[in-house]
Amino acid sequence: MKREFTVGLVLAGLFFLAMQGVNLLPWAFLVGSFIFLMVMVGGRGLSAKFHVVRDATDKQLAFSDIGGQEVAKREFKEALEFIVKQEGAEKLGIRPLKGILLSGPPGTGKTLLAKAAARYTDAVFLAASGSEFVEMYAGVGAQRVRELFSRARQEAKVQGKKNAVIFIDEIEVLGGKRGQHSSHLEYDQTLNELLVQMDGIKAKEDVRILVVGATNRADLLDSALLRPGRFDRIVKVELPDCQGRLSILKIHCQGKPLAENVDLEKLARDTFGFSGAHLESLTNEAAIGALRAGKDKIEMEDFLEAVDKVIMGEKLPRRPSKDERQRIAYHELGHAIAAELAEEGSVAVVTIVSRGEALGYTRQTPPPDRYLYTARELKGQIRICLAGAVAEKLMLGEGSTGAAGDYKRAVELAKKMIQAGFSPLGIVSLKDVPKSDLHRTVSKLLAQEEKEVAAELAGFKDLLRELAAELLAKETLEGHELRKRLALRKAS
Ligand code: ATP
């Protein structure tokens with residue numbers, strides 16, 4: 001309303017001046033340029049809208065609502081103690097903590113930690129993202145930084161609080177190393193302003209500000225940001241381990257009706273490498289699956305289906321031709337048999353249903369969380385990757401383009417072997433090995449494993465044929481069915 005009124009008033013004024021015989025052309029040019037600038041700045045004008053959490057409207061989050069991340073929570077809480085026990089800290093002359101940096105992969109709960117910090121310290125919470133500050137025009141970002149800090153002080157006063165937490169996500173966008181961007185004047189000014197504002201935070205202020213930055217790339221940050229007195233603490237927020245995944249699953253299953261057969265511990269074991277965001281999506285997808293099937297409780301099969309969906313994407317109605325389906329079946333069974341030979345009991349499911357990018361897939365049950373691999377285990381993984389194409393060649397005479405993704409992964413594994421000193425090159429630094437030597441060593445490692453797995457699968461030709469026929473009919477084969485047939489085949 002206010003904007004319409006102003007526009008109306010300006011137009012009326014212009015009309016009046018034109019009637020008086022005033023030349024409006026220079027004015028029109030000026031106004032036009034101003035509007036153009038505003039649009040280019042991103043429709044937000046010089047000031048940006050920051051997300052403010054108010055007690056009454058947003059549910060405040062506690063550290064207990066965050067699953068896993070025990071180390072990060074402990075370190076973060078320790079850092080916050082200085083704010084909670086402000087008087088004691090002042091008596092001892094401790095200077096205030098100005099910034100904490102949360103560093104870790106996407107979706108691991110960095111935003112949640114910052115929100116919980118706001119509640120823990122009884123502070124107002126303002127959130128902004130690094131990309132919101134940086135525009136093409138010099139000075140705009142710096143203005144937004146100033147505005148964010150003054151907004152934090154104002155909000156705290158309005159809400160009668162003594163502390164304010166400013167959360168800046170993707171801080172590497174605005175806090176990247178200086179002098180590296182093409183339009184570096186703007187980037188540098190924005191970062192300088194942030195440094196100035198952080199330096200301006202005083203111990204004896206009405207409102208104490210704590211800046212919490214989050215990044216997936218701490219290595220990109222300017223060293224000035226990380227020096228003592230600015231982002232004093234760096235808290236690492238890693239992907240959750242099995243216990244962490246279990247507690248995140250429990251949090252996101254609260255309030256959802258679960259059937260008796262739901263085994264969250266098994267799900268936690270099966271979801272190695274999932275972030276908190278993946279797990280949240282998993283529980284949501286499982287509930288959607290149950291709703292679609294008209295159930296009133298979420299069953300284990302809905303969760304298992306959701307695991308595949310979160311990893312591979314939505315089931316696609318793509319229908320490959322009959323010959324292609326036969327090829328896909330051989331390919332997947334090649335992977336599955338090689339996986340069982342490398343580690344018995346490791347296959348969870350084999351399917352020729354298209355999902356996301358994949359025309360079919362074999363999902364392995366990950367063993368308990370692993371951080372180290374031996375040469376034998378890495379070779380086993382390479383064999384599993386190559387087994388799809390090997391089975392195609394064995395049964396149909398030639399391979400296909402379907403193996404491109406497997407080859408990429410096999411090359412990565414071979415490089416991992418070289419890096420770990422498991423190759424004929426001995427202990428080397430990957431980046432110092434000449435490209436031609438690297439290429440030759442990778443090819444040799446892969447050729448050796450290809451030969452091994454071809455010899456292994458050659459003994460299972462009949463079984464491959466039988467199982468492919470079954471897979472074409474049923475589309476999906478459970479790991480235990482495969483193991484039963486393999487055991488029978490080995491016994492005969
Ligand atoms: P990004 O780096 O991409 O900004 P982030 O680390 O800030 O990600 P969040 O935004 O905190 O991640 O998490 C995204 C969502 O994932 C949350 O809203 C929550 O549903 C879920 N989530 C992530 N980690 C956890 C956790 N530890 N406990 C419970 N839920 C979690």
Side-chain angles (χ1 to χ4, degrees), residues 50-53 57-77 80 99-120 123 125-134 165-176 210-221 225 231 233-256 258 264-265 267-268 271-288 298 303 306-307 309-311 369:
F50 303 112
H51 176 66
V52 184
V53 173
T57 49
D58 288 284
K59 179 183 163 277
Q60 283 227 328
L61 198 109
F63 280 114
S64 55
D65 298 324
I66 303 172
Q69 303 300 1
E70 297 308 328
V71 179
K73 281 196 266 186
R74 197 182 57 236
E75 284 185 15
F76 202 15
K77 273 189 183 166
L80 296 172
I100 298 178
L101 187 70
L102 302 175
S103 153
T108 42
K110 296 185 289 295
T111 312
L112 298 184
L113 281 168
K115 284 190 178 169
R119 169 161 168 172
Y120 192 68
F125 179 82
L126 271 85
S129 167
S131 53
E132 281 169 42
F133 293 92
V134 180
V165 169
I166 293 181
F167 175 63
I168 305 180
D169 205 359
E170 300 177 341
I171 195 160
E172 72 279 1
V173 178
L174 99 99
L210 174 74
V211 186
V212 179
T215 182
N216 310 323
R217 296 293 310 271
D219 55 313
L220 295 183
L221 291 178
L225 259 185
F231 282 98
R233 301 285 164 112
I234 301 187
V235 175
K236 290 230 181 299
V237 190
E238 304 289 2
L239 286 173
D241 59 8
C242 189
Q243 211 45 43
R245 293 195 295 275
L246 179 61
S247 65
I248 296 174
L249 281 170
K250 282 184 181 159
I251 288 175
H252 289 291
C253 282
Q254 267 168 20
K256 289 189 171 69
L258 303 186
L264 291 183
E265 279 173 22
L267 276 174
T271 45
F272 179 67
F274 274 42
S275 67
H278 281 128
L279 294 168
E280 189 274 336
S281 166
L282 165 70
T283 54
N284 198 44
E285 289 297 342
I288 293 174
I298 311 170
F303 278 103
V307 172
K309 199 165 155 187
V310 173
I311 299 175
D369 291 1

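Order of appearance sets the numbers: ligands from 1, and atoms from 1 within every ligand.
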- Which is it for Glu170 and ligand 1 at heavy atoms under 4.0 Å: side chain, backbone, both or neither? neither
- Query: Closest non-hydrogen protein atom to atom 7 (O) of ligand 1, residue and atom name please, with distance?
  - Reply: Thr111 OG1, 2.6 Å
- For ligand 1, note which part of Asn216 has a heavy atom under 4.0 Å away: side chain, backbone, both or neither. side chain
- Note on the structure: for atom 31 (C) of ligand 1, nearest protein heavy atom and its distance come out as Leu112 CD1, 3.4 Å
- Message: Between ligand 1 and Asp65, is the shortest N or O to N or O distance under 3.5 Å?
- Response: no
- Task: Before signing off on this row, confirm whether Pro106 and ligand 1 have an N or O atom pair separated by under 3.5 Å.
- Result: no
- Should the proximity of Glu280 to ligand 1, defined as any heavy atom under 4.0 Å, be assigned to the side chain, the backbone, both, or neither? side chain
- Message: Using a plain distance cutoff, I'd like to know if Gly109 has any nitrogen or oxygen under 3.5 Å from a nitrogen or oxygen of ligand 1.
- Response: yes
- Distance to 0.1 Å, residue and atom name: give those for the protein heavy atom nearest to atom 22 (N) of ligand 1. Gly276 C, 3.6 Å
- Message: Looking only at protein heavy atoms, which one is nearest to atom 16 (O) of ligand 1, and what is the separation?
- Response: Ala277 CA, 3.2 Å
- Task: Could you see which bit of Asp169 sits under 4.0 Å from ligand 1, with heavy atoms only: side chain, backbone, both or neither?
- Result: side chain
- Taking both backbone and side-chain atoms of Gly107, is any N or O found less than 3.5 Å from an N or O belonging to ligand 1? yes
